[in-house]
Every structure is written in C-alpha cells, then in structure tokens.
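Since the structure is predicted, the reported quantities are computational estimates derived from the model, not experimental observations.
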Amino acid sequence: MTECITKQLNFSFIRKQKITIDFKGGEITSDAGLLLVRQADNALQLIRGMAVCIRDRRDNRYTDHNLETLLRQRTYQIVAGYEDCNDANVVRKDPALKTACGRKLSDEDLGSQPTLSRLENAITRNDLYRTGEYFVDLYIRRNRKRKPKRIILDLDGTDDPTYGDQQLTFFHGYYDQYMYHPLLIYDADTGELITVALRAGNRHASYGAVSILKRIIPKLKKAFPKTEIIIRGDAGFAIPDIYEYCEEEGLKYVIGLIRNDVLERMIEALMNKAHEQYTKTGQKQRMFTEGAYQAKSWDHERRVIMKAEWLIQGPNSRFVVTNLSCEPKELYEFYTERGGTCEVRIDEFKNGLKADRLSCHRFVANQFRLFLHMAAYWLVLRLREALRKTEFASMQIQQLRLRLLKIGGQVIQTARRVWFRLASGYPWKNIFALAHSRLAADTG
C-alpha cells in the first residue's frame, strides 16, 4: 500500500499522451467554501456565544484544543457533510477546516474523534439549559431590526430511529420503531430554528410543548410587545393545555384536530353537498364551514374550521381548532402552509444536516448533538441570507454544499498570508464573491 502511493500512477485515456498521477501536489482542499462558513459564523457570533454557555471543566495544563475551536470544528464539519465524529480523524488535517477554525497550516491538527466525543459526553444539563436559552436570545437579536408584525411559531415532532444502547430510546407504536422523538419550533416566516428538544422515544407529540413555550413566549413578548404571536401545529398538539395556555397568554393558535363522530356529524350536510357537486361535474370539490365544538376534555366551546372534500377516492374531511377570526377557507389554507415550511425545514435539518445521528449513549450528550446540528442549520441560513435574490437563496443544503462549499484549491502559507488558489474552472465565482462581500459587511 505504501509503495503504491509513492509511485506515479499512469492512465491511457488520451491517444498518444499519458495521464500521470502522483501525490505531491502540496496542501490541497476540496472544502474551500468553509471560509464562507466561518465568515457567516463571525456575522452571527454563533460559536463564540455557544462557548460562553458551556463550562469547560478540563485542566488547561493538559489540553491542546480550546472549547471554542472544538465547537467550530464539530459544527463546520456538519455543515460540510462530515456529520459523524469519526470523520474528524480524516478531516482534522484539512487546510480549509483548520484555517476556518483559526489554525495555521503549520499548527497542530484539529481535534480527533476521541477528543470530540469527550466534549459531547462532558456536557451537563446546566450547559444544555444555557445553550437553549442562547438560541432563543440569538433569534430575538436577529429579529429586533425587523420588528415583525406577527410571529408564527410552527411546532412539530419528528421521529429519529435508534439502533443502539442510547438512554431513553423506546418503541413508538405509531412509528413502529425504537426511536427518539425530538420537538422542534421554527419561525414560519424566516425559517429560523428557535429551539429543539430531545424527548424519549415513547413520548406523545405534544409532550413538553407547553413547558417550552413558557420559556420562550415571555422573552418574545418582552422583545416584541406589539407583535402578534401565532402557534401553529398539527393534530399531535391538539390538547387542552396548549389551547388554555395560548388563551391565558393572549396568543393566537391554529391546530389540527383528529376526526371523530361528533365532528363528522357536524360536517355531514356539507359533505353531502360536495358529493352532489362532484357527481354533477366529475371534478373534485372543496367546501369550508365552521362551527362551535366542545370536546369532553375542554372547559368551553371553541371555533372549529371544517373542510369537506370529495375526491376520486371518496370523501376527505379535515378539522382545525383556532381562535383566529379569518374566513374558514383562508384560515384552513394558512394552516396547511406548514406542510411547505415546517416539514420541509425538518427534512433539511434531519436529512441534509443529518441531525438524526444521535448515537451517544447518554441522553444529555445526544441533546447536545442536536444543538450542534442546530448551530449548523443557523450557519446555512445565514449563508442563504447572504445570497438573497439569487437562485442560491432557496437551495437546500445538499445543493448549496456542492456548489458553494465543495470547492477544490491549493493552499499556500507564507509569512504574511495564507493563499487559497481555487480552481480556475469554478463556475460560481461571482456568487462566491457576493456571499463574501455581504458577510464581510455584516461582520463589520
């Protein structure tokens, strides 16, 4: 193996000309876009703020990597697609990652997998609490200038299958698997992830939602006293505790309801009408109405929006409980917008940034991993914000990573400068330069 690497490798794809490969090109990176990630981080002051939340209990006499550098390394690796701790053993030498983390090429390599694993497992519940508070404060800081007239908080749970010996992994009957059940809260308009809470695998979708809202809402109301706050969620959040909390706090809500016999009787006449129209026209029919409904567990009646739809497959009824005053059709369509916002963002968080890689044994360590992936998500959002009014502004992380981060180049360190000589054929030079200029302006 060693002998093969030291030799030249020849190919004969071109007529009358040899193709020769050796491994003497010097310092080369395929992730030069990580320099933009660091610039996005500087604009947000994200990793520096996270580091303040965590108490470093190591003895400085025996440490090679400070806490802030380790957090940068782990988070930037996630953004670049190296989401596993094991990846650190390979990319810790990468010149772009080292530079982005503040290391010179001549400095020692970044943290190894055991070093990063020790960091994750050293986290305490107090560290997590402070980090969770920090992300809420970051959201507020980022939106003070915007002064939003309304904030729509999308609540959703997601399944995270587990296959090892993680603490609090349990079987969930609905998902038919062993799993964790994280809860996520997004701003529907900006896409910002305000918080993510890891929950045991057998918890109900609404578990802990009110407790988390009690931590977030007072801060939002203090920061944005004139802003209307709307809570939006699917039928998994249709519990009296959430309605009552929203009503006590003066919040608006729109939440899906599970079908039952009483609701089906309330919509029966409208469904019959939809069926008649379908029979006449052969086209699907959608009709809306509203009514007052009180479940047995509710202490009073609430407004329910009802949709009667007749498709080629047959009837399709849907119900939403709300204290908003919009017309039924408008309000139902507002509710269904969450499918194109919250669910898409969860897919990017889970699959694009691999936030489902929660393989630590300790539950607390896995919650911290979620926060690291959340930090990576914020950096991606900031990159996209710097590319507003371009096609890159709406790209999912998979495409953004390929086009903006995975850039090959040679790295040369001199006494005064570190040169990144990127591929001459890189097709999005102007986009890269635009992101750089906008991020630099924000960094000041």
Side-chain angles (χ1 to χ4, degrees), residues 40-41 43-47 49-50 52-53 75 78 127-158 160 181-199 205-225 227-234 236-237 242 245-246 249 251-255 337-338 340-350 352-353 355 367-382 384-385 397:
D41 183 13
L44 290 172
Q45 292 293 297
L46 176 62
I47 300 301
M50 285 183 68
V52 172
C53 300
T75 305
I78 293 169
D127 295 330
L128 293 180
Y129 179 82
R130 289 189 292 267
T131 305
E133 291 288 291
Y134 169 73
F135 277 110
V136 179
D137 293 339
L138 173 64
Y139 168 78
I140 291 171
R141 174 162 55 87
R142 290 293 297 169
N143 286 277
R144 281 193 190 278
K145 291 182 180 180
R146 187 168 68 94
K147 295 180 181 179
K149 292 182 179 180
R150 71 174 188 180
I151 294 174
I152 305 167
L153 298 182
D154 273 334
L155 280 61
D156 210 346
T158 186
D160 183 358
H181 198 183
L183 171 66
L184 302 95
I185 301 182
Y186 287 87
D187 181 314
D189 292 322
T190 65
E192 291 161 330
L193 181 54
I194 300 173
T195 195
V196 55
L198 189 62
R199 302 177 296 183
S206 64
Y207 179 81
V210 173
S211 297
I212 294 172
L213 288 174
K214 285 180 177 179
R215 177 170 61 83
I216 293 174
I217 295 301
K219 288 193 169 194
L220 296 184
K221 292 175 76 172
K222 182 179 180 180
F224 311 109
T227 298
E228 180 183 50
I229 301 175
I230 304 173
I231 307 299
R232 187 167 65 179
D234 63 19
F237 298 92
I242 291 181
Y245 174 74
C246 290
E249 293 296 322
L251 310 178
K252 301 299 183 182
Y253 60 85
V254 52
I255 298 172
E337 285 175 4
R338 59 179 299 280
T341 55
C342 185
E343 292 175 9
V344 170
R345 287 160 183 158
I346 288 177
D347 178 72
E348 180 175 41
F349 185 60
K350 280 179 60 177
L353 291 168
Q367 171 65 72
F368 181 62
R369 279 196 175 186
L370 272 183
F371 281 148
L372 290 171
H373 287 267
M374 183 176 175
Y377 178 87
W378 269 88
L379 293 177
V380 172
L381 276 186
R382 187 62 190 88
R384 281 202 287 247
E385 183 185 341
I397 177 57

Looking at [Y], is its backbone amide N or carbonyl O close enough to the side chain of [X] to form a donor-acceptor pair, meaning the two atoms are under 3.5 Å apart?
{"X": "H373", "Y": "L353", "value": "yes"}
{"X": "D41", "Y": "L46", "value": "yes"}
{"X": "T131", "Y": "C53", "value": "no"}
{"X": "Q367", "Y": "V196", "value": "yes"}
{"X": "E228", "Y": "K252", "value": "no"}
{"X": "R345", "Y": "A188", "value": "yes"}

Taking [X] first and then [Y], would you say they form a salt bridge - that is, a charged N and a carboxylate O separated by under 4.0 Å?
{"X": "E249", "Y": "K214", "value": "no"}
{"X": "D156", "Y": "R338", "value": "yes"}
{"X": "D187", "Y": "R146", "value": "yes"}

Reported [atom1]-to-[atom2] distance for the pair [X] and [Y], which is rounded to 0.5 angstrom:
{"X": "L213", "Y": "I185", "atom1": "CG", "atom2": "CD1", "answer": "5.0 Å"}
{"X": "I216", "Y": "E133", "atom1": "CD1", "atom2": "CD", "answer": "8.5 Å"}
{"X": "L153", "Y": "D189", "atom1": "CG", "atom2": "CG", "answer": "10.0 Å"}
{"X": "I151", "Y": "I217", "atom1": "CD1", "atom2": "CD1", "answer": "8.0 Å"}
{"X": "I346", "Y": "T341", "atom1": "CD1", "atom2": "OG1", "answer": "9.5 Å"}
{"X": "T75", "Y": "L379", "atom1": "OG1", "atom2": "CG", "answer": "7.0 Å"}

Can you give me the closest heavy-atom contact between [X] and [Y], atom names plus distance?
{"X": "R382", "Y": "A43", "result": "NE-CB, 4.0 Å"}
{"X": "K219", "Y": "V136", "result": "CD-CG1, 3.9 Å"}
{"X": "P148", "Y": "T227", "result": "O-OG1, 2.6 Å"}
{"X": "P182", "Y": "R199", "result": "O-NH2, 3.6 Å"}
{"X": "I397", "Y": "G352", "result": "CG2-CA, 3.4 Å"}
{"X": "S206", "Y": "G236", "result": "CB-O, 3.3 Å"}

Would you check if [X] and [Y] make a side-chain contact, meaning some heavy-atom pair closer than 4.5 Å?
{"X": "Y207", "Y": "L183", "value": "no"}
{"X": "I140", "Y": "F224", "value": "yes"}
{"X": "W378", "Y": "R142", "value": "yes"}
{"X": "Y377", "Y": "E348", "value": "yes"}
{"X": "L381", "Y": "E192", "value": "yes"}
{"X": "M50", "Y": "F135", "value": "yes"}

Of I231, I255, V210, which is the lone residue that meets side-chain contact (heavy atoms from CB on, under 4.5 Å) with F237? I255
Checking T195, L198, D160, L184 against L370 for side-chain contact (heavy atoms from CB on, under 4.5 Å), the one that qualifies is L198
Listed partners of Y253 passing ring-ring contact (aromatic ring centres under 6.0 Å, His included), at least two apart: Y243
Partner set under ring-ring contact (aromatic ring centres under 6.0 Å, His included) for F349, not counting sequence neighbours: none
Should we say atom OH of Y134 is surrounded by more than 12 heavy atoms from elsewhere, each under 6.0 Å from it?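 Counting neighbours around OH of Y134, more than 12 heavy atoms of other residues, nucleotides or ligands fall under 6.0 Å, so yes.
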One pair to check against side chain to side chain contact (heavy atoms under 4.5 Å, CB included): F371 and D127. What are the steps and the verdict? CA-CA 11 Å; F371 281 148; D127 295 330; over 6 Å; no
